[in-house]
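What follows is a set of notes on a single structure, which appears directly below.
The first residue in the sequence is number 1, and the count goes up from there.
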Amino acid sequence: MKTSAVSWAASCSKRRILIGAAALALLLALLACGTTGTPTPTVPPQLTGRLTSERSQVFLATGGGAGQEVPLNATRAAVAGDEIWTVRGRGLLKFPDLWVRLYDDTTLRAEDVTPASVKAALAAGAVLVGAAPGVYDRIEFTAGNPPHARISVGGTLFMIAQVRGLPITVIRSFDGAVRVES
């Protein structure tokens, strides 16, 4: 009885060693496969902003859904792809190191907001944008509906106003430089 128990324990021990060696070999093979070939591109993280209604009639549509009014002095999360508009209201969209104030009758979509760049579409209305110095490599707005101007800004404070339904865009740079392509 003792001999069979000892041989059984020895065979189990051998199996464990073989299974462990096979698992280690498989793991090393998978790691080797993962390091060869093309590297996976890194996608910059999207930043979440906070939209605050400073005056009534500020609306937010998340993910292409129906818009909902943001109550006065309330704050809602906003991410790239969300659409924000005001009727007679005023809203403040804040990201780390960047803020965008939306004035009466403004429609804005944050297309892409990462730590390195901001891309937004201003269909109509006026926005005042402030950024911390040197934080964003590139701030870019498209203006009009349909878009007729691309505005690249390097600076810390600027205003863009887009006349609804007309290809008229007014840009005021308080600090920095602006490049416009029509």
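Residues Ile171 and Ile151 have side chains in contact (heavy-atom distance under 4.5 Å, counting atoms from C-beta outward). In this structure, the side chains of Pro167 and Gln162 stay at 4.5 Å or more apart for every pair of heavy atoms. Using a 4.5 Å heavy-atom cutoff, the side chains of Val70 and Leu51 are in contact. Counting heavy atoms from C-beta outward, Val129 and Leu157 have side chains that stay 4.5 Å or more apart. A heavy-atom distance below 4.5 Å is not found between the side chains of Val100 and Leu92.
Around CZ of Arg55, the count of heavy atoms belonging to other residues, nucleotides or ligands within 6.0 Å exceeds 12. At most 12 heavy atoms of other shown residues, nucleotides or ligands fall within 6.0 angstrom of atom CD in Gln68. Annotation: Arg50, atom CZ; neighbour count of heavy atoms from other residues, nucleotides and ligands within 6.0 Å is above 12.
Here the CG-CZ distance, from Leu128 to Phe158, works out to 8.5 Å after rounding to the nearest 0.5 Å. Ile160 contributes atom CD1, which lies 5.0 Å from atom CZ of Phe141 (distance to the nearest 0.5 angstrom). In this structure, CG in Leu93 is found 7.5 Å from CG in Leu98, a value given to the nearest 0.5 Å. For the atom pair CG of Leu122 and CG of Leu102, the computed distance is 8.0 Å after rounding to the nearest 0.5 Å. One distance of note links CD of Glu83 with CZ of Arg109; it measures 4.5 Å at 0.5 Å rounding. To the nearest 0.5 angstrom, Leu60 atom CG is 7.5 Å from Trp85 atom CH2.
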Inset, instruction - Go through Thr169 and His148 one step at a time and tell me if the side chain to side chain donor-acceptor pair (under 3.5 Å) criterion holds. - result: CA-CA 9 Å; Thr169 305; His148 67 271; 3.0 Å; yes
Inset, instruction - I would like to know whether Phe95 and Thr48 meet side chain to side chain contact (heavy atoms under 4.5 Å, CB included); could you show each step before the answer? - result: CA-CA 7 Å; Phe95 293 95; Thr48 301; 5.9 Å; no
Inset, instruction - Take Thr156 and Asp175 through the test side chain to side chain donor-acceptor pair (under 3.5 Å) and record every step on the way to the result. - result: CA-CA 6 Å; Thr156 59; Asp175 178 30; 2.4 Å; yes
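Heavy-atom minimum distance, Thr86 versus Gly91: CG2-N, 4.2 Å. Contact detail for Ser53 and Pro71: the closest heavy-atom pair is CB-O, 3.3 Å. When every heavy atom of Gly89 is checked against every heavy atom of Asp104, the shortest pair comes out as O-OD1, 3.1 Å. Smallest separation of non-hydrogen atoms from Leu108 and Ala120: CD1-CB, 3.9 Å. Minimum heavy-atom separation, Thr106 to Ala126: OG1-N, 3.0 Å.
With hydrogens and angles disregarded, no donor-acceptor distance shorter than 3.5 Å links the side chain of Ser152 to the backbone of Arg179. In this structure, the side chain of Thr52 does not engage the main chain of Glu54 through any donor-acceptor pair within 3.5 Å. Between the side chain of Ser56 and the backbone N or O of Leu72, no donor-acceptor pair lies under 3.5 Å. Although no hydrogens or angles enter the test, the distance criterion places no donor-acceptor pair under 3.5 Å between the side chain of Ser117 and the main chain of Arg138. The main-chain N or O of Gln57 is found under 3.5 Å from a side-chain atom of Glu69 such that the two form a donor-acceptor pair.
A salt bridge does not link Glu140 to Lys119: none of the charged side-chain nitrogens sits closer than 4.0 Å to a carboxylate oxygen. Arg164 has a carboxylate O that lies under 4.0 Å from a charged side-chain N of Asp105, or vice versa, which qualifies the two as a salt bridge.
No single ILVMFWY cluster, assembled from side-chain heavy atoms under 4.5 Å apart, contains both Phe59 and Tyr103. Residues Val127 and Val180 share a single hydrophobic cluster, defined by chaining ILVMFWY side chains whose heavy atoms lie under 4.5 Å apart.
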